Amino acid sequence: MPVALHAGDSISDRQLFAYLSYPVASGDWVRYRVAFTDGSTVDKTVGFASERVQGTPTLFIETHVHALPVSGLPAETTVGIGTDAVLKTYVIGSTLGDLARTYRVLTSALKVSSFEYEVSAGNSATYSILTGAVDTSPRYGRLHSIDAVDMRIGRTVVHATRLVAEFPSRSLPAGGVDLPITMEVWQSPDVPLGTVAIKAGGGRYIDWRLVAFGRGGYRSMFSKTLDQIRSASQPAMP
């Protein structure tokens, strides 16, 4: 059962994303619409599954980023943002956690158009769905408010909890300062990962919204397994 939270409690950003989040199952998937400060938007689909790598069952997190067209341009103008790509991150461990969980990376594979290849990871490489390869330390603040709210995702209504937390400024180990920030997170046990939406800094820094999800049935967008990618990259014997 989740730990009870109350306004005024001390809390970390990691605890926000862990609240009402239960382990993700292989086959689950989510799709978030992510808005950036420049007005551009992408759909980020994340699927979870397992694959045998050299005979060992290995969990992977597959992320497909699809750039949406820019609105408000002249009718004769066509603009695309970036290139669709699929990143398949093989992680070390036997369980999958919440949106902010940091995983140790075994290796990764990248799919661009019809090309699929391995991107080897360093010994200390990490991955988080929320922050990518950046492994940030927890940030501590205070819970300002917590309340229940129903949210619609497509045709589905989920019961969520809205948490608003305030985090003071802090010095960074490599120099510089993290500015104070107010973070709103909507959490629900009805969806994989538990996170329905995120807004931080009035939406200027982080703006994520869950637009679709599924329990089970996720299939990799790669045509080859990692073992097959590795085999194809080996030079042919004379």
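Quick caveat, the model's predicted, so the values are computed rather than measured. Atoms considered below: every heavy atom in the structure, side chains included; atoms not considered: hydrogens, waters and symmetry mates. In what follows, residues are counted from 1 in the order of the sequence shown.
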Per the salt bridge (charged side-chain N to carboxylate O under 4.0 Å, His left out) rule, which among Lys199, Arg162, Arg209 passes with Glu184?
-> Arg162

Mind checking whether Arg170 and Ser137 have side chains closer than 4.5 Å, heavy atoms only?
-> yes

ILVMFWY cluster, Trp29 and Val46 together (side-chain gap under 4.5 Å) | no

Ala197 backbone acceptor or donor facing Thr195 side chain under 3.5 Å | no

On a heavy-atom basis, the closest approach of Asp227 and Gly55 is OD2-N, 4.5 Å

Which is it for Val158 and Ile153 under the side-chain contact (heavy atoms from CB on, under 4.5 Å) test, yes or no, and what are the steps along the way?
-> CA-CA 7 Å; Val158 300; Ile153 304 170; 3.9 Å; yes

Could you state the interatomic distance from CD (Gln187) to CZ (Phe17), rounded to the nearest 0.5 Å?
-> 7.0 Å

Write down the atom of Ile229, the atom of Ala109, and the distance for their closest heavy-atom approach.
-> CD1-CB, 4.2 Å

Verify, without hydrogens or angle tests, whether Asp28 (side chain) and Gly216 (backbone) share a donor-acceptor contact under 3.5 angstrom.
-> yes

Given the rule that I, L, V, M, F, W and Y join up when any side-chain heavy atoms are under 4.5 Å apart, are Ile206 and Met151 in one cluster?
-> yes

Atom pair CZ (Phe222) and CG (Leu110), whose distance is rounded to the nearest 0.5 Å = 6.5 Å

Non-hydrogen atoms of Lys88 and Lys224 that approach each other most closely = NZ-O, 4.3 Å

With a 4.5 Å heavy-atom cut-off, do Trp208 and Leu130 have their side chains touching?
-> yes

Shortest non-hydrogen contact from Pro192 to Phe213?
-> CD-CD1, 3.6 Å

Please answer: with hydrophobic residues joined when any side-chain heavy atoms are less than 4.5 Å apart, are Tyr117 and Val65 in the same cluster?
-> yes

Going by distance alone, is a donor N or O of one side chain under 3.5 Å from an acceptor N or O of the other, for Ser108 and Glu118?
-> no

Run the numbers on Ile198 and Leu99 for side-chain contact (heavy atoms from CB on, under 4.5 Å), then give the verdict.
-> CA-CA 11 Å; Ile198 316 166; Leu99 188 71; 3.5 Å; yes

Hydrophobic cluster partners of Leu226 (side-chain heavy atoms under 4.5 Å) | Val53, Phe60, Tyr90, Ile92, Leu106

Can you tell me if Arg142 uses its side chain to pair, donor with acceptor, with the backbone of Gly8 under 3.5 Å?
-> yes

Do Leu20 and Val157 share a hydrophobic cluster, counting only Ile, Leu, Val, Met, Phe, Trp and Tyr and linking them when any side-chain heavy atoms are less than 4.5 Å apart?
-> no

Rounded distance [0.5 Å steps], CZ in Phe167 versus CD1 in Ile181 = 8.5 Å

For Ser188 and His159, indicate whether the former's side chain and the latter's backbone hold a donor-acceptor pair under 3.5 Å.
-> yes

Mark yes or no for whether Ser21, through its side chain, and Leu193, through its backbone, hold a donor-acceptor pair below 3.5 Å.
-> yes

Expected output: side-chain Asp9 to main-chain Leu143 donor-acceptor under 3.5 Å = no

Mind checking the OG1-CD spacing from Thr225 to Glu51? Nearest 0.5 Å is all I need.
-> 5.0 Å

4.5 Å side-chain heavy-atom contact, Val149 and Trp186 = yes

Side chains of Tyr19 and Ile146: closer than 4.5 Å at any heavy-atom pair?
-> yes

Would you please test Leu210 and Val191 for side-chain contact (heavy atoms from CB on, under 4.5 Å) and show each step?
-> CA-CA 9 Å; Leu210 188 66; Val191 303; 3.8 Å; yes

Does Arg215 CZ have over 12 foreign heavy atoms under 6.0 Å away?
-> yes

Contacts of Asp43 meeting salt bridge (charged side-chain N to carboxylate O under 4.0 Å, His left out) (sequence neighbours excluded), chain-then-number -> Arg33

Between Lys111 and Glu116, is there a salt bridge with N-O shorter than 4.0 Å?
-> yes

Give a yes or no on whether Tyr218 and Leu96 share a hydrophobic cluster (residues Ile, Leu, Val, Met, Phe, Trp, Tyr; joining criterion: side-chain heavy atoms under 4.5 Å apart).
-> no

Thr45 pairs by side-chain hydrogen bond (donor to acceptor under 3.5 Å, both in side chains) with which of Arg31, His64, Glu62?
-> Arg31

Under a 4.5 Å cut-off applied to non-hydrogen side-chain atoms, are Pro180 and Ser169 in contact?
-> yes

Stepwise, does the salt bridge (charged side-chain N to carboxylate O under 4.0 Å, His left out) test hold for Asp13 with Arg139?
-> CA-CA 6 Å; Asp13 51 357; Arg139 190 168 183 175; over 6 Å; no

Report the residue from Val91, Leu87, Val24 that forms a side chain to side chain contact (heavy atoms under 4.5 Å, CB included) with Ile61.
-> Val91

Work out which heavy atom in Pro168 is nearest to a heavy atom in Gly141; give both atom names and the distance.
-> CD-CA, 4.1 Å

For the residue pair Met183 and Val185, what are the closest heavy atoms and their distance?
-> CG-CG2, 3.8 Å

Could you walk me through whether Val86 and Thr63 pass the side-chain contact (heavy atoms from CB on, under 4.5 Å) check?
-> CA-CA 6 Å; Val86 185; Thr63 305; over 6 Å; no

Please confirm whether the backbone N or O of Ser128 pairs with a side-chain atom of Thr131, one donor and one acceptor, at under 3.5 Å?
-> no

